[in-house]
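Heads up, the thing below is written out as structure tokens.
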Amino acid sequence: MKKSDSFYGYSLILAFFMLFLAARSQLTTDFYKASCPNLIFIVRRGVQNAIKIEMRMAASLLRLQFHDCFVNGCDASILLDTSDGEKFALPNLNSVRGFDVVDNIKSSVESACPGVVSCADIVAIAARDSVLLSGGPTWKVPLGRRDALVANQTGANTGLPSPFDSLGNIALKFANVGLNLTDVVSLSGGHTIGLSRCLLFSNRLFNFAGTGNPDSTLDTNMLSDLQNICPVNGDANKATFLDRNSNDLFDNHYFQNLINRKGLLSSDQILFSSDEAKTTTLSLVQRYSTNSALFFADFANSMIKMGNISPLTGSSGQIRKNCRVVNS
């Protein structure tokens with residue numbers, strides 16, 4: 001055999017090997033078809049049981065994936081219990097919930113398929129099921145993520161969108177993880193379920209932005225109700241529904257509220273009422289408010305995009321046995 005033929009053969013084998021690695025590094029919807037065939041059923045049952053106990057948990061599990069994926073990608077780093085971890089960052093502390101539900105689901109999955117399914121994939125499936133079981137859309141969840149070895153508290157403090165951010169800052173934080181304005185609006189529609197604490201919107205009720213007056217973009221009847229729920233020097237942890245008059249149903253009512261100046265968070269209402277919105281997000285809010293099918297389709301697509309943010313695959317990371325700690 002000529003030396004050139006040998007080199008060509010080696011190059012061909014190397015090329016096929018690299019293609020194999022690339023294929024293994026892609027998320028696929030049937031990743032656990034052989035290794036954990038009952039995974040989807042196990043997670044669905046766990047989410048159903050949790051929502052039966054507390055309907056709010058659907059929103060909490062959805063938010064858990066959002067807060068995980070925006071920091072270092074969808075790698076379950078938010079679940080780690082380290083003192084410098086993401087769950088203790090300011091946007092997450094006493095706010096992000098659902099850790100016990102994930103623990104329970106992980107325990108059931110480990111009993112059926114030990115050492116096979118990542119915590120990151122459980123979080124992604126649970127978020128999808130939470131939406132579906134609340135009346136929202138479904139989608140096929142790409143799977144094959146692995147779990148991070150470290151968390152990033154600083155990234156959580158700086159990278160997560162805040163209820164106090166301007167629309168421009170929110171759009172920038174989305175763009176930093178590869179998401180666009182359609183994703184901003186559609187994923188904000190996740191606030192059609194769940195609660196928010198007075199701490200996160202009371203700034204709108206009495207002295208908004210130092211004006212000495214309430215936020216002028218807030219409906220006056222809703223303002224009066226919220227002032228009673230969240231009086232000056234009241235309990236900052238008291239909570240109320242994000243989607244007024246459509247509390248636990250995943251629908252497009254959230255966008256109708258924005259048009260009627262009934263968005264709870266400033267970061268919600270600015271999608272329709274801010275000057276920036278006029279040329280960016282306003283028209284999409286209007287379309288979603290009258291077309292639930294469009295909202296559902298865009299939301300599902302945005303969740304898939306978000307779930308694809310920098311996943312660990314192949315030999316990166318690990319499959320944690322306990323979602324709260326790195327394997328010893």
Side-chain angles (χ1 to χ4, degrees), residues 27-69 74-81 85-87 92 95-148 151 187 190 192-195 247-250 299-300 303-304 306-308 311-312 317-327:
L27 303 183
T28 60
T29 57
D30 62 350
F31 189 85
Y32 299 106
K33 183 177 181 179
S35 59
C36 195
N38 292 323
L39 172 63
I40 301 301
F41 170 77
I42 296 170
V43 177
R44 177 73 54 84
R45 183 178 58 195
V47 174
Q48 284 176 322
N49 290 340
I51 292 175
K52 283 179 183 177
I53 296 170
E54 182 191 17
M55 190 66 196
R56 179 189 178 190
M57 188 53 66
S60 298
L61 291 172
L62 173 59
R63 187 163 177 252
L64 188 61
Q65 192 192 14
F66 184 92
H67 280 233
D68 181 39
C69 290
C74 307
D75 59 2
S77 53
I78 195 171
L79 305 180
L80 290 171
D81 270 346
E86 292 163 31
K87 66 168 60 173
N92 297 330
S95 176
V96 172
R97 308 166 69 246
F99 301 112
D100 290 342
V101 175
V102 173
D103 288 341
N104 291 338
I105 295 172
K106 175 65 171 175
S107 178
S108 297
V109 170
E110 283 295 302
S111 295
C113 318
V116 171
V117 180
S118 68
C119 301
D121 278 343
I122 289 173
V123 168
I125 300 169
R128 187 274 309 276
D129 287 354
S130 295
V131 171
L132 175 64
L133 294 171
S134 300
T138 188
W139 58 93
K140 291 185 176 182
V141 180
L143 301 168
R145 301 169 189 82
R146 289 168 65 84
D147 300 323
L187 291 176
T192 184
I193 55 176
L195 304 173
N247 306 336
D248 297 319
L249 181 64
F250 196 102
F299 182 85
M303 286 296 292
I304 292 171
M306 185 181 76
N308 282 330
L312 298 174
Q318 63 180 204
I319 305 298
R320 281 185 224 140
K321 297 175 183 177
N322 177 341
C323 292
R324 294 175 180 264
V325 295
V326 173
N327 296 343

Show your reasoning for whether side chain to side chain contact (heavy atoms under 4.5 Å, CB included) applies to Leu132 and Arg44.
-> CA-CA 10 Å; Leu132 175 64; Arg44 177 73 54 84; 3.6 Å; yes

Note, Ile40 side chain near Arg128 side chain (heavy atom, < 4.5 Å) | yes

Point-to-point distance, once rounded to the nearest 0.5 Å, from OG of Ser95 to NZ of Lys87 = 13.0 Å

Examine distances only and state if a side-chain atom of Asn322 and a backbone atom of Asn327 form a donor-acceptor pair shorter than 3.5 Å.
-> no

What pair of heavy atoms forms the shortest contact from Cys323 to Val102, and how long is it?
-> SG-CG1, 4.1 Å

Salt bridge check: are Asp103 and Arg324 linked by an N-O gap of less than 4.0 Å?
-> yes

From CA spacing to verdict: side chain to side chain contact (heavy atoms under 4.5 Å, CB included), Asp121, Val141 = CA-CA 9 Å; Asp121 278 343; Val141 180; 6.0 Å; no

How long is the gap from CZ on Phe99 to OG on Ser60, to the nearest 0.5 Å?
-> 10.0 Å

Non-hydrogen side-chain atoms of Val47 and Ile125 separated by less than 4.5 Å | no

List the atom of Asn92, the atom of Glu86, and the distance in Å for their closest heavy-atom pair.
-> ND2-O, 2.7 Å

Within-4.5 Å side-chain heavy-atom neighbours: Pro142 and Thr28 = no

Does Asp68 reach the main-chain N or O of Cys74 with its side chain, forming a donor-acceptor pair under 3.5 Å?
-> no

Ignoring hydrogens and geometry, is there a side-chain-to-backbone donor-acceptor pair from Arg97 to Leu61 under 3.5 Å?
-> no

Is a side-chain N or O of Gln318 found less than 3.5 angstrom from the main chain of Val326, in a donor-acceptor match?
-> no

Side-chain contact, heavy-atom cut-off 4.5 Å: Pro137 with Phe299?
-> yes

Indicate yes or no for a side-chain donor-acceptor contact from Thr192 to the backbone of Leu249 under 3.5 Å, with no hydrogens or angles considered.
-> yes

Measure from the side-chain N and O atoms of Asp147 to the backbone N and O of Cys119, and report whether any donor-acceptor pair falls under 3.5 Å.
-> yes

Nearest heavy-atom approach of Ala120 to Ala76 is N-CB, 3.6 Å

Any side-chain heavy atom of Thr29 within less than 4.5 Å of one from Leu143?
-> no

With rounding to the nearest 0.5 Å, note down the distance linking CG in Leu187 to CD in Gln65.
-> 9.5 Å

All N/O donor-acceptor pairs, side-chain side in residues 105-116, below 3.5 Å, sequence neighbours left out:
| from | atom 1 | to | atom 2 | distance (Å) |
| --- | --- | --- | --- | --- |
| Lys106 | NZ | Glu110 | OE2 | 3.0 |
| Lys106 | NZ | Val117 | O | 2.7 |
| Lys106 | NZ | Arg320 | O | 2.7 |
| Ser108 | OG | Asn104 | O | 3.3 |
| Glu110 | OE1 | Gly115 | N | 3.1 |
| Glu110 | OE2 | Gly115 | N | 3.3 |
| Ser111 | OG | Ser107 | O | 3.1 |

Atom OG of Ser134 and atom CD1 of Ile51: how far apart are they, to the nearest 0.5 Å?
-> 5.0 Å

Could you walk me through whether Ser118 and Tyr32 pass the side chain to side chain contact (heavy atoms under 4.5 Å, CB included) check?
-> CA-CA 11 Å; Ser118 68; Tyr32 299 106; 3.9 Å; yes

Determine the minimum heavy-atom distance between Gly98 and Met57, stating which atoms define it.
-> CA-SD, 3.6 Å

Nearest 0.5 Å, what's the SG-CD1 distance between Cys36 and Ile42?
-> 5.0 Å

Nearest heavy-atom pair of Gly85 and Ala151: which atoms, and what distance?
-> CA-CB, 3.8 Å

So CE of Met303 and CG of Asn308: to nearest 0.5 Å the spacing works out to 11.0 Å

Using 4.0 Å as the upper bound for N to carboxylate O, is an ion pair formed by Asp75 and Arg145?
-> no

